[in-house]
Amino acid sequence: AAGVIQSPRHLIKEKRETATLKCYPIPRHDTVYWYQQGPGQDPQFLISFYEKMQSDKGSIPDRFSAQQFSDYHSELNMSSLELGDSALYFCASSLGGLETQYFGPGTRLLVL
Amino acid sequence: SQQGEEDPQALSIQEGENATMNCSYKTSINNLQWYRQNSGRGLVHLILIRSNEREKHSGRLRVTLDTSKKSSSLLITASRAADTASYFCATALSSSGNTPLVFGKGTRLSVIA
């Protein structure tokens, strides 16, 4: 069965640079969530989209933005990167009305 | 400010033993879910229990939910080395299918062969 695809899987950036993470949800899933997991931490919700509209907003810094496109894939744009942004970024998708979220493998971002 | 707190933080057992992990939460929930994460990898959904359910089974997994105590437990029976992972509980606050999950701190389980 198709799973959530995230790219890139690994990313190394310098401070103050920008990064774009991509997420391709499971086919027919209409909701995408972004989570951030720092080293040794639990995943923290950043933002979600349902039918291409922002659905909920969590602890997403103002330096970050995201959107969901017409094909339901989503991108997380991160600017003015800081050392503290180094983390695993997960995308999850679900089919509207169903509670189970399916997670992608994550993008490991390292900011130097 | 975390919704879920789990204990123990780390658990080490021998293969074949049972492992029990606990999760407590603070506010009313619609459902509680358990996820497994192998080191630095993605989160795998294990089981979902709704607020009107007390117990649920899936293979070697047994989950209980006590809404009066705002707590849940995950029991893994006859553990295997492959069960070594971090286990997180996550709560969904509303009945909407688009609700973000709030994760607990997780329990690191080590199963020694």
Side-chain angles (χ1 to χ4, degrees), chain A residues 1 3-6 9-10 23 25-26 28-60 66 68 86-110, chain B residues 1-10 21 23-27 29-53 56 58 61 63 65 85-108:
Chain A
V4 176
I5 297 171
Q6 290 188 247
R9 294 293 308 279
H10 300 89
C23 169
I26 292 172
R28 296 191 303 116
H29 281 196
D30 49 19
T31 307
V32 167
Y33 312 79
W34 287 96
Y35 294 85
Q36 176 193 57
Q37 185 179 30
Q41 302 296 312
D42 52 289
Q44 296 280 314
F45 169 69
L46 294 178
I47 195 167
S48 62
F49 294 87
Y50 168 66
E51 284 291 344
K52 292 154 280 184
M53 299 288 288
Q54 183 178 305
S55 178
D56 283 284
K57 197 170 184 180
S59 52
I60 184 169
Q68 186 179 31
S86 296
L88 260 173
Y89 290 84
F90 288 108
C91 171
S93 73
S94 69
L95 185 58
L98 300 178
E99 301 99 333
T100 301
Q101 295 181 23
Y102 296 89
F103 282 75
T107 292
R108 185 175 295 279
L109 172 66
L110 178 61
Chain B
S1 63
Q2 290 305 309
Q3 171 75 328
E5 297 293 332
E6 295 182 60
D7 79 274
Q9 290 188 336
M21 290 159 271
C23 166
S24 61
Y25 55 92
K26 297 176 183 175
T27 62
I29 60 171
N30 175 265
N31 67 70
L32 186 144
Q33 304 178 40
W34 285 89
Y35 284 82
R36 183 185 72 221
Q37 184 179 34
N38 291 85
S39 180
R41 307 286 292 274
L43 291 148
V44 176
H45 182 263
L46 295 176
I47 196 164
L48 179 153
I49 186 165
R50 301 186 194 286
S51 58
N52 61 354
E53 297 176 310
K56 204 162 184 180
S58 176
L61 305 180
V63 169
L65 179 64
S86 290
Y87 292 82
F88 293 91
C89 69
T91 52
L93 300 181
S94 85
S95 59
S96 164
N98 305 322
T99 302
L101 295 174
V102 180
F103 284 85
K105 295 283 184 200
T107 294
R108 292 189 312 278

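Letters A, B, ... are given to chains in the order of the sequence lines, protein chains preceding strands, and every chain is numbered from 1.
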Measure B/R50 against the heavy atoms of chain A and call it side chain, backbone, both or neither at under 4.5 Å.
-> side chain
The interface call for A/T100 against chain B, heavy-atom contacts under 4.5 Å, is both
With sequence neighbours excluded, tell me which residues meet ring pair (Phe, Tyr, Trp, His ring centres under 6.0 Å) with A/F45.
-> A/Y35
Residue part contacting chain B, namely of A/Q37, when any heavy atom lies under 4.5 Å | side chain
Heavy-atom pair of closest approach, residues A/Q101 and A/A92 = OE1-CB, 4.0 Å
Exercise: identify the closest heavy-atom pair between B/E53 and B/L48 | OE1-O, 4.3 Å
Sequence neighbours excluded, the answer for side-chain contact (heavy atoms from CB on, under 4.5 Å) partners of A/R9 is A/P105
